Each structure stands twice: as C-alpha cells, then as structure tokens.
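A short write-up of the structure that comes next.
Quick caveat, the model's predicted, so the values are computed rather than measured.
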There are 2 protein chains.
Amino acid sequence: MTTKYNTVRQAIKSKIIEGTYTPHQKISSESELMKEFSVSRHTVRLAIGDLVTEGWLYKEQGSGTFCADRSKINNNQVVGNQKNIAIITTYISDYIFPSIIRGAESRLSEEGYQVSIFSTNNDQNNERRILEKILSQKFDGVIVEPTKSGYSNPNINYYLNLERLSIPYIMINAYYDELEPISIVMDDEKGGFLQTDHLIKLGHENLIGFFKTDDTQGTKRMKGFLKAHRKNKIAINPSNIITYNTEEKNTKPMDELKKVLAVKNNAITGLVCYNDELAMKLLDILRTDNIQVPEDISIVGYDDSFLAEVSEVKLTTIEHPKSEMGEAAANTILDLIQSKNNGKSEEDFNGNSTVYAPNLTIRKSTRDISESKVTS
Amino acid sequence: MTTKYNTVRQAIKSKIIEGTYTPHQKISSESELMKEFSVSRHTVRLAIGDLVTEGWLYKEQGSGTFCADRSKINNNQVVGNQKNIAIITTYISDYIFPSIIRGAESRLSEEGYQVSIFSTNNDQNNERRILEKILSQKFDGVIVEPTKSGYSNPNINYYLNLERLSIPYIMINAYYDELEPISIVMDDEKGGFLQTDHLIKLGHENLIGFFKTDDTQGTKRMKGFLKAHRKNKIAINPSNIITYNTEEKNTKPMDELKKVLAVKNNAITGLVCYNDELAMKLLDILRTDNIQVPEDISIVGYDDSFLAEVSEVKLTTIEHPKSEMGEAAANTILDLIQSKNNGKSEEDFNGNSTVYAPNLTIRKSTRDISESKVTS
DNA sequence: TCCGATTTGTTCGTATGTATG
DNA sequence: GCATACATACGAACAAATCGG
C-alpha cells in the first residue's frame, strides 16, 4: 500500500504532467487539498514539499504554490549527449512482441540510441504510469503499441503533452483514433478478409470467427470477416462471431468452441482466429475432441508466429512483418527526430505512416471442401 | 532570526564538514537531538529531512541516521534522480530470453528503475561496444548474460572497470570464470547429467549428445553427459559427442545427425540435446526420415521452453526458471545497489549468487526400452 | 495606508505503525 | 519479546507574507 502523502504527491504530479496545471499556474491551496484528499495539512505539506525539492512546484509565502516551468529545467538536464528512445509495448515476452522489439532495438542501437523498454501488460493504468515517467525524463522519441486500443483511451492527455513538449512518438500495430498519430500498422481489415475469403474459396460456408475486441486489430479483423461474407454473399449467423477481451483470452473462446462442438450436426467447417496463439489453443480443444484438422475442420491463424510452424498441424495464417515492423518503426522515429532537430514541421511527415498489406501463408490447416461437397 | 530547524540543520552539517561525523557513522537519534537542541521531534525531522535530500545523510528505519559518503555520492547525484539499470543479453527475441527479460523488467520497474536493454547477438565486438556505452553513462547496475562465455573473453577489462567505478553487475545463465562475479545460473552440469541419466535409466546405452560449446552452459552440460555415462559404467563412443558453436547451430548438428542415420545398423536410441530449440530441429530431421519419437528414438531437450509443449511430440526436458531467474537477477542487483549506497562492502554478498537445481520434466519424447530389450 | 482574508512558514504535541538489533 | 529508531498521520497554534478592497 502506498502512503497518503504519496498518493497526494502522485495526483498533483499527474496533473502537471498531463497538462492540467500549466507552468506558473497557481495550484489548489493547502486547505483546498486537505478537503480534496481528506488528509491533514501536514500530509499535504509533505507531498508538496517533495515536489518542490524535485522541481515540479515552487511556493510563494502568502501567495500560493505554483507549477514550475519544467521545459527550461529539462534543457539543463540534458547533461551529456545521451540519446534515448522508449519503447512501450503491451507485453515483452509473449508471442511476436520480442521480434518487434528486436527489430527496433537493433536499428536504434546502430544509430547510437539507448533503448528503454516498458510493458503495460495491457493495463491502461500501467500505460499512464509509464507515460508519466517518460514525460518526467528526457526522451528523444517514443515508440508505442497502444494499450486496449479498442477502448477509448483515458491517457490521451499524456500523448498530447508529448506533442506539446515536441517529443516525437509513433504507434505500432494499432493507434488511438482520437490522436491520428503517425503509425506503422497492418491492414487488419484486409487481413481478416483474406483469412475468411480463403476459407470461403475453399468451399467453407459455416465459419466461426473469434476476435479479441479490446484492441482495434481485433475489431478490424472482424470487419474483414464480415466483409468477406458479404462479398461472397454468404449469410452469417451472428452467434458465429465470438468476441472476447484480454482477460478472457484463456477461457471464453475455448468455452464457446466447446459449446458449439457439443451441438450435434453443427455444420461448422472452419475457424477464423484472431491470432495464432488462439488458433493453437483451439487446436488443442479440437484434438481432445478427436476432430481432425484440416480433414474435419479448417483453421486459419494470424501473425505467422513461430507457433504456426512448430505445431503438429502447420497453420495457414496471415504474415506479420514483426521485426521488419520494428525496424520500420525505428526508422520512422529516427526520421522524425532528425526533422525536429532541423526545425522542420511535423507536417512533412504526414505521409510517413506505413500500412502493411497482409499476405496469406498457406500451410496445412485448411482444406478445400468444395469437391467433397460436389461428390457427396 | 534564523529558524530553529535551520540552526539544527547547520549544526549537524557542520559536524559532518568538520569531520566530527565520518562517513557511515551513526549520528545522534532524533530523540537525542530533541534534547540537545531543546526542540520538538518535528523540527529535528525537518532539519534531517533537508540534509537527506541534499545528500549529507541517509536514514535506515529501525537502525538510525547516518552520515553519507559524500565523495561517491557527488558522482552519482549529478545527473538527477533517474534510476537506470542495463540488461545485456545475447539475444532479445529468441527463445527463453524474452521471459528472462520480462521477469527482470517487471521487478525493476516496480522499484522505479528504468530498464535499458542491449543485445550482443553473441558477438564479442558488440559486447565491447555496449560495455563502452554503459561505462560512459550513468547506470546504477548491470545485468549481463555473457557472450560466448565458453571462450576466453577479451572484454574482461571493461568488467573490471565497472568494478572500479563501483557499478554493481551480475551475470545470468553463465559467467566468465576469470571474474568470479555474483551470478544467477543453473547447475548445468547436473542438468546434463539428469538428461543423460534419465535415458540410461530407461535402458538406453547408445546416445548422441549435441552441445553448443561456445558458452559454458554447453560445456557443462556435456560434462554432465559424460558423468552420467561414467556413473552408469557405459562407454562412450567419442564420435557420439557432437559439439558446435552459435554460427553452426542451424547446420552442423543436423548434418551430423543425418550422417549417423545414414549408417545402417547404427544402434542409436537416444539424443541428448543442448536445448529445446535444437531438439525441435533434430525432431524435424527424424520426421523426414520417418523415424518415430519416442518409439524408435528418444530425445531430451533443455530449458522447458514453449517449444517443448507446442510440438507434435511433447518434449521431455530440463526446466529453466526463466522469468523467475529474471526476477532473482533483479532482486540481487537491487540488493547490491542498496548495499553500495549504504557503504557496505560487497563482501557481504558473496553468498548471494544463486544456483538453480535443475529438474527434469518428463513428457512424451522418451521411452523405456529396457523391457523390449529383455524380451528381444 | 490600513484591514482582513487568505496562504504559506514554523513549531509543538500526540498517536500508531514498522523495521532493526 | 522488547526497547529503540525511524515513518506516517492527525491536530493545533501562531507567524509572516500577499492581495484586494
């Protein structure tokens, strides 16, 4: 548990970092803060005292406590010519993220930058804490994979503050719509379309789609899933779209699949999966039910991760640029930093967002059933 | 008139400057100072608090307040209060490293440290460049996975320099023998022994061992391989030990295995692998040769990575602590930093190296052949 | 210029929690 | 277990500076 004066301290610091308090603005008086946080004056003074010694605030007796002008202080702190870049991802160790990080790291360290990594574990509170930390230090650029990009983001202010301090940042994999940042993403809608269209072309008409919808990747892939059905004039049973969020990813999709399999004469012949990780888990369910892939059911993954190649049934899946994307992100942020240092406006880089066109890699997890349909 | 807490402050400060209090000496307790200056405890704490933030004193709850070692602190405090730790690994994205990094990162960021990551790609030139960079900046601690620990290391000087600058560092997975650093490692010899002993206990007598010998993990595992043979009084055909280095890891072991398989009536029944990654590659070779695992040949991996569970034949393998090791590394470096700041000698931590005892996880890639031998 | 309200500065008292030896 | 020492928190009083009327 954190102490009271520390919560007060953090709350005030947050308001400064996110820009609620602007430089030289008077903050709430001690007695106001006492009421606001229901603490004694002593506690408020402790919190403020710390922030004063850290340079966030300054006080004037009889007048009030004021927000310090951080921008000037920062410039002094550029002791030494360290070049720092922060990478924020949802996860560090899982799945395709290590590859993305490596791609970025190798390129950035080539250019003499030091790379600091942060992971949010897909928790927006962690994202906020990390952004606060980044804002209170000296970074030349930030590469962000948004946390829960599917939801509205409570940390928008921090990103706007990055802009105010002219710290370039780019987003990878997804982006917050409200910000329209420079971004390096896949065309996820197209990807979802390709997954689905592939199966439909192979004669599948009864598909289930599983999509994680707390990030925009998932919602876009779902959109592609629908689009492919429409284009091929195949009706969708709404119950055949299963959405889940990060917290449910180890339970809900599997449970839902089990439910479907339990129904006799279910006509399901194909599964469209949010990603390879999920595909592997669903494969396990099918295996315990003695359902053969691709003989009985076809399955399509997404990301072309190591899982796709290492499994018993090699997965048909959508390619993800992974380390290439990391490198592209590095290059873009390097460009932005350089143009900033040359005093050019960021407008010059509006065209610099990258959208990767998805490609399908066909392996062994999908089967053409159009013939068998004809013959049967 | 000056304030009371300021007179107390000055009095203490004077005693430090004139040398009455020497570094790391305990100063009077708060209650003693209350009597001495006839002021309240609050006033004493104000004075002491200021001196702590200025770096003249440090406090230890339950123990007392101490005079800081001013000479060293000057060096550290110039930059400001960023807390930085560097992690150097051979690879970032591959295999078990992401898990190790995550374990360390989560613990360190919990404590407010910023984590910078560097990867050597197992190249000693890169290791040198990274160490140069770290030495020229302000890091509070370094976690290193040694590069090519099996070879003599040309960068020893840089590590000695870290010591000279009293920057604590620890090594994980392996260590350079010349340095005898604090380290967090596995008992790799025991691990190799367990791999081999397990197969021998199952009746296998003709084993091939594959070991990457440019790091000490490999040589130690090889040692365990030999030891298990000796203990069980089984002779080894020297040609059944295949060593390789990082550059050859995608070719040599596989080629050697193919050669062995090409020999008719080879009696090989088991493969002991440097790690799961190699085991998977060898599995692929066996698969293309239509050799069944474990029916025809048993195979043992090392590290209990995701590969062990995800493959067609679930691997019997040695457990690696992974993220737990990362956490332990983080805790150890945090301890070292704290003890350094308190002026304790590093000797207190000689016992702090950790050696994980390996455990065998038995899955489906090994088979007992002692019975079939009896019956045949 | 003075007054009074507000705001921060200094000081004391008290109580309880937690770590150390 | 106990004494010691620092950590956190609440309350109260008065001083000093500021600011608007």
Side-chain angles (χ1 to χ4, degrees), chain A residues 1-13 15-16 21 23-68, chain B residues 1-13 15-16 21 24-68 110-112 331 334-335 337-345 348-349:
Chain A
M1 193 211 91
T2 179
T3 57
K4 285 194 185 181
Y5 78 77
N6 210 34
T7 56
V8 176
R9 205 189 81 126
Q10 293 299 341
I12 297 172
K13 193 171 163 182
K15 285 196 179 174
I16 302 170
Y21 290 144
H24 306 299
Q25 183 189 339
K26 186 173 174 303
I27 74 165
S28 313
S29 72
E30 288 175 356
S31 50
E32 281 167 342
L33 290 169
M34 284 168 69
K35 281 178 210 154
E36 189 177 338
F37 294 99
S38 309
V39 293
S40 69
R41 180 156 173 237
H42 185 83
T43 307
V44 171
R45 284 182 60 78
L46 266 184
I48 291 178
D50 277 8
L51 291 172
V52 168
T53 56
E54 286 173 32
W56 294 95
L57 299 172
Y58 64 92
K59 306 203 265 186
E60 281 176 20
Q61 186 177 166
S63 175
T65 305
F66 304 85
C67 178
Chain B
M1 192 211 88
T2 180
T3 58
K4 284 195 185 181
Y5 78 77
N6 211 34
T7 56
V8 177
R9 204 187 83 122
Q10 293 299 343
I12 297 172
K13 195 169 163 182
K15 285 196 180 175
I16 301 171
Y21 290 144
H24 308 300
Q25 183 190 337
K26 187 173 176 303
I27 73 167
S28 313
S29 74
E30 290 176 354
S31 50
E32 283 167 342
L33 291 168
M34 282 168 70
K35 282 177 208 153
E36 190 176 336
F37 294 97
S38 308
V39 292
S40 74
R41 178 146 177 249
H42 193 89
T43 307
V44 172
R45 284 182 61 77
L46 269 183
I48 290 178
D50 277 7
L51 291 172
V52 168
T53 54
E54 286 172 31
W56 294 94
L57 299 172
Y58 65 92
K59 304 202 266 189
E60 277 179 24
Q61 186 177 164
S63 176
T65 305
F66 303 85
C67 178
E110 229 175 71
E111 295 292 324
N331 284 326
L334 289 170
D335 279 354
I337 291 169
Q338 216 207 332
S339 79
K340 182 195 117 191
N341 289 344
N342 294 354
K344 287 175 191 159
S345 78
D348 305 345
F349 285 86

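Look at Lys4(A) and you'll find a side-chain N or O under 4.0 angstrom from OP1 or OP2 of dC10(D). For the OP1/OP2 pair of dT8(C) and a distance below 4.0 Å, the side-chain nitrogens and oxygens of Arg45(A) include no atom meeting the criterion.
Looking only at side-chain heavy atoms (C-beta outward), Val52(B) and Trp56(B) stay at 4.5 Å or farther from each other.
A straight line from OH of Tyr58(A) to C1' of dT18(D) spans 14 Å, rounded to a whole angstrom. The nearest whole Å value for the distance from the CE atom in Met34(B) to the P atom in dG13(C) is 7 Å. For the pair Leu46(A) CG and dT10(C) C1', the computed distance is 14 Å after rounding to whole Å. Per the geometry, CZ belonging to Arg9(A) stands 13 Å off P belonging to dA9(D), to the nearest Å. Distance CZ (Phe37(B)) to P (dT10(C)): 18 Å, rounded to an integer number of Å. For Phe66(B) and dT20(C), the CZ to P distance is 11 Å, given to the nearest whole Å.
Electrostatic pairing of Lys26(A) and Glu32(A) does not count as a salt bridge here, judged by no charged N lying under 4.0 Å from a carboxylate O.
If you take CD1 on Ile48(A) and OH on Tyr5(A), they are separated by 14.0 Å, rounding to the nearest 0.5 Å.
The listed nucleotides are dA9(D), dG9(C), dC12(C); the one nearest the side chain of Arg41(A) is dG9(C).
Looking at Thr53(A), its side chain does come within 3.5 Å of a backbone N or O of Asp50(A) through a donor-acceptor pair. Here the side chain of Thr7(B) pairs a donor or acceptor atom with the backbone of Lys4(B) at under 3.5 angstrom.
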Would you tabulate the nitrogen or oxygen pairs shorter than 3.5 Å linking the protein to nucleotides 1-7 of chain C?
{"from": "dT7(C)", "atom 1": "O2", "to": "Gly62(A)", "atom 2": "N", "distance (Å)": "3.4"}

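Heavy-atom minimum distance, Ser28(B) versus Tyr21(B): OG-OH, 3.4 Å.
Checking Lys59(A) against His42(A), the closest nucleotide of DNA chain C that is more toward the 5' end is the one next to Lys59(A).
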